[in-house]
Amino acid sequence: MAKKKKSMGMLYLIGMILVVVGFFLPMFKAGPIEPNGLDFFDFDNFGFVTIGGLLIIIGAVLGVVLNFINAKNKKMLQLVALILSIAGGVVLFIGFNDNVIYKTIAKGFLKHAYMGFYVVLAGWVVGVVGYLTGK
């Protein structure tokens with residue numbers, strides 16, 4: 001009798017990996033500055049931007065790790081990781097009003113978006129589709 005192969009949730013995994021990779025790519029361009037996700041961390045002036053960046057990367061890394069472990073409530077934990085990452089994006093967007101550079105980015109948000117921003121968005125979409133379909 002053949003063993004039943006467990007689905008690993010490849011779409012969800014690919015989505016979470018895209019979020020992690022996109023976080024390290026340049027996300028926006030504001031003049032000569034092209035910040036990636038790590039540039040959002042400012043522990044001296046801890047605020048919404050730092051919290052948003054932390055939530056995005058922690059949620060995405062947690063989602064990748066959860067895909068490889070067996071847990072009793074794995075599906076629920078994956079949903080929490082995905083929501084945590086997306087909530088980080090919302091918090092980051094709200095936090096853009098605290099800084100002059102971020103205000104410049106927020107005025108023409110999509111005009112200043114770079115590849116990292118789009119990769120993170122694509123990762124969230126693929127992660128949601130993967131979670132909902134179970135593939």
Side-chain angles (χ1 to χ4, degrees):
M1 188 188 302
K3 284 186 175 182
K4 184 179 177 184
K5 185 178 178 182
K6 291 185 178 181
S7 174
M8 217 171 96
M10 289 303 279
L11 277 178
Y12 178 83
L13 176 63
I14 290 169
M16 292 293 99
I17 289 173
L18 283 173
V19 173
V20 171
V21 169
F23 191 77
F24 292 101
L25 295 173
M27 296 184 97
F28 300 102
K29 181 173 177 73
I33 302 170
E34 295 177 3
N36 63 13
L38 296 176
D39 294 327
F40 296 136
F41 298 151
D42 183 10
F43 295 107
D44 293 333
N45 298 321
F46 198 80
F48 280 113
V49 175
T50 304
I51 293 170
L54 285 171
L55 288 175
I56 291 170
I57 194 66
I58 290 170
V61 169
L62 185 62
V64 170
V65 170
L66 284 171
N67 213 46
F68 293 105
I69 63 171
N70 289 325
K72 189 174 185 179
N73 296 326
K74 181 178 176 178
K75 197 78 169 155
M76 177 64 114
L77 292 173
Q78 285 179 329
L79 178 63
V80 168
L82 183 61
I83 290 172
L84 188 69
S85 182
I86 293 171
V90 172
V91 169
L92 185 67
F93 182 73
I94 291 169
F96 274 163
N97 294 322
D98 289 345
N99 190 317
V100 174
I101 293 172
Y102 297 136
K103 282 182 183 178
T104 304
I105 293 171
K107 284 181 184 175
F109 191 66
L110 290 178
K111 185 170 78 171
H112 296 286
Y114 252 39
M115 185 181 0
F117 172 78
Y118 293 114
V119 171
V120 168
L121 278 180
W124 286 335
V125 169
V126 171
V128 167
V129 170
Y131 178 81
L132 292 176
T133 62
K135 295 183 179 184

Enquirer: Applying a strict under-4.5 Å side-chain criterion to I, L, V, M, F, W and Y, I'd like to know whether L62 and V80 cluster together.
Expert: no
Enquirer: Atom CG in L18, atom CG in L121: separation rounded to 0.5 Å?
Expert: 11.0 Å
Enquirer: With a 4.5 Å heavy-atom cut-off, do N67 and Q78 have their side chains touching?
Expert: yes
Enquirer: How many angstroms lie between atom CD1 of I57 and atom CG of L84, to the nearest 0.5 angstrom?
Expert: 11.0 Å
Enquirer: Restricting to non-hydrogen atoms, name the atom on I56 and the atom on G89 that form the minimum distance, rounded to 0.1 Å.
Expert: CG1-N, 3.5 Å
Enquirer: Can you get from L11 to V64 by hopping between Ile, Leu, Val, Met, Phe, Trp and Tyr side chains that sit under 4.5 Å apart?
Expert: yes
Enquirer: Say you draw a straight line from OH of Y118 to CE of M27; how long is it, rounded to the nearest 0.5 Å?
Expert: 11.5 Å
Enquirer: List the atom of V19, the atom of S85, and the distance in Å for their closest heavy-atom pair.
Expert: CG1-OG, 3.7 Å
Enquirer: Provide the closest heavy-atom pair for V120 versus F23 in the form atom of the first, atom of the second, distance.
Expert: CG2-N, 3.7 Å
Enquirer: For a 4.5 angstrom cut-off between non-hydrogen side-chain atoms, does L66 reach I69?
Expert: yes
Enquirer: Can any side-chain N or O of K75 pair as donor or acceptor with the backbone N or O of Y131 at less than 3.5 Å?
Expert: yes
Enquirer: So which heavy atom on Y12 is nearest to which on A81, and how close?
Expert: OH-CB, 3.9 Å
Enquirer: Kindly compute the distance separating CG (L77) from CG (L82), expressed to the nearest 0.5 Å.
Expert: 12.5 Å
